[in-house]
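The sequence lines fix the lettering, A, B, ..., with proteins before strands; numbering per chain opens at 1.
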Number of protein chains: 2
Amino acid sequence: MSLDTSVKAGKAPTAELNAAERLADMATADMRRVDALILDRMGSPVPLIPKLARYLVEAGGKRIRPLITLATARMLDYQGDAQLKLAAAVEFIHTATLLHDDVVDESDLRRGRKSANIVWGNAPSVLVGDFLFARAFMLMVDAESLPALHSLSRAASVIAEGEVRQLAATGDVNVSEASYRAIIEAKTAALFAAAAEVSGIVANRTEDEIAALDRYGREIGLAFQLVDDMLDYGGLSATLGKKTGDDFREGKVTLPVTIAIAAANDEERAFWTRVIADKDQKDADFEHALDLITKHGALQATLEAARTHAANAREALSGFPDNVWKTALTDLADFVVERAH
Amino acid sequence: MSLDTSVKAGKAPTAELNAAERLADMATADMRRVDALILDRMGSPVPLIPKLARYLVEAGGKRIRPLITLATARMLDYQGDAQLKLAAAVEFIHTATLLHDDVVDESDLRRGRKSANIVWGNAPSVLVGDFLFARAFMLMVDAESLPALHSLSRAASVIAEGEVRQLAATGDVNVSEASYRAIIEAKTAALFAAAAEVSGIVANRTEDEIAALDRYGREIGLAFQLVDDMLDYGGLSATLGKKTGDDFREGKVTLPVTIAIAAANDEERAFWTRVIADKDQKDADFEHALDLITKHGALQATLEAARTHAANAREALSGFPDNVWKTALTDLADFVVERAH
């Protein structure tokens, strides 16, 4: 591990890296090329576009989706470089989705900063999202693989379906666990699945291998979203300060709430109806919701579900020959769940 | 002309068809297949999606963009059927753009009906727009032409740039004619250009021929938008009831206003600054704006500009062998301008 990278990761050189950081470290050279592509392709003579796009891209996040594309390509020992363009396209699709999500959810914050719709307004957020979508497809065209284009355009369509499904389910206390799963499979797992699958496609792998990569991405995506939904209620330790309560305030029914509602007595059900369906929320309601979620073991149950999906993700890679990339991708599945603690 | 078609066009069988109706009539069989594709590909298990998409698609309009794709393919005597998928994709991109435009402009009406953002809200309009964009790309993938995909994805990116440019220019009384032209070239003409160009691409035509088709689409698109911008101020005869004044109310500076501002005296300039830059509009202001626009011959000048672009569009087709489709496409260029009367 070079000093440069450890500084970049904001750690002392001796500090232990988590699995996501380790993967990012291994993929540094590829990711630099992807970053260069991202910066280049978000360029436009219209100044507001790179300004707004840069605001989001620089806010960073872990770039876990493009990392999956890069790492799976290396795991397969793919010798071309189409995965770089596809990884950049995956990040553009993700960024466009975030921009539109914040408009849809009327969010104020994104990754601890004011969201773009607050800084620039809804109109530029919608339009720059469209721009990034279009540029994602231009990148895919440059990767010159129609099957990869099919995979990612289908994912983009499924994401939009998932978002509409989620919108329709907002404020509905009767959302079933199955509906919740259909929502997160579409809005989150589909892009993870495509991010992994496209590597197999450009590497000319067998249908079975491509399906295994799709499964890896889908399962890690499900685990990721389940943990995200837990973290919105503080995860397993509320001291992390990650307890945002955004979903609660927006009336989004995620698995922790679904489980708590399924086990609710009449009084509890009346509470959930008031705060979620009627959106009549008082200051202490979030804490009470948390008490009910804890009482019914809903965070623990959500964590168990995430663990199962992480195990499925690991299992999906079992047929591929062992190498350092496979190990890193396997570890990533565990890391996604560890975030819950 | 079959009775069926004349009824569909809402005309008595003996009434004369305009050039757009004549072209639609000639392309009936192709357009039926495109309509079937559109209906099929807007399908989703999420009920709100086809409901909202159908609301827009059925509102209709002239389908002039997919018609251009279909007619240029026939003009070239293209023997495949990729143009059907590309025509449907073009209409999906256009529809997605309309959905997002109405959110961006906070519009109330679209083609005389309540706009989708008013009926269902901004959030579903944004998301269903995204869905249609994604489905457009899936259709393009099915057409199996990377160069056609490149053309249309570049057009989608340019459209978004044009929309952002327009947003930045809104309320700016100093918008130059050149800026206005850059805006309409991007937000409108780019998709017309791609709609025509993709036919040449799938028909394996020479670079020169493809460039000529691009030019035909671009020029007819410019003429179309110039006339649209005139019609917002009533066109040449205010009796048609098309005088919507939407652009005026939104502070959009289109060519008629640019021309009137360039020729304004101090008092007139103060008026434009108040109503456009300060958006301080009173009841009689639109009529006064119309008086100033008429006084400076701005509608007539806009019409002349549209006529020039229509002539350029006709000229762009001159190198192709004569046939009924070429005649119909040439007539369409004139029709686009005739709408101004």
Check: Centre of Phe224(A)'s six-membered ring, under 6.0 Å away, within 45 degrees of the axis: is that where NZ or CZ of Arg65(A) sits?
Finding: yes
Next item on the list: Kindly check if the number of other-residue, nucleotide or ligand heavy atoms within 6.0 Å of CZ (Arg154(B)) is above 12?
Entry: yes
Item checked: Lys/Arg N to Asp/Glu carboxylate O, Lys252(B) vs Asp232(B), below 4.0 Å -> no
Next item on the list: Look at Ser153(A), Ala160(A), Ala155(A) and state which one has the largest set of heavy-atom pairs under 4.5 Å with chain B.
Entry: Ser153(A)
Note to self: Heavy-atom cut-off 4.5 Å, strictly under: side chain, backbone, both or neither for Leu146(A) against chain B?
What the structure shows: both
Notebook entry, point to check: His150(A), Arg165(A), Glu161(A): which one forms the most heavy-atom pairs within less than 4.5 Å of chain B?
Noted result: Glu161(A)
Next item on the list: Could you walk me through whether Phe133(A) and Phe133(B) pass ring pair (Phe, Tyr, Trp, His ring centres under 6.0 Å), step by step?
Entry: CA-CA 8 Å; Phe133(A) 261 130; Phe133(B) 261 130; 7.1 Å; no
Note to self: Just checking Arg215(B): does its CZ atom have more than 12 heavy atoms from other residues, nucleotides or ligands closer to it than 6.0 angstrom?
What the structure shows: yes
Item checked: chain B interface, residue from Val158(A), Asp130(A), Leu149(A) that has the most non-hydrogen pairs under 4.5 Å -> Asp130(A)
Margin query: Taking side chain as everything from C-beta outward and backbone as N, CA, C, O, which of these in Leu127(B) sits under 4.5 Å from a heavy atom of chain A? Side chain, backbone, both or neither.
Written below: both
Notebook entry, point to check: What part of Pro45(A) gets closer than 4.5 Å to chain B, counting heavy atoms only: side chain, backbone, both or neither?
Noted result: both
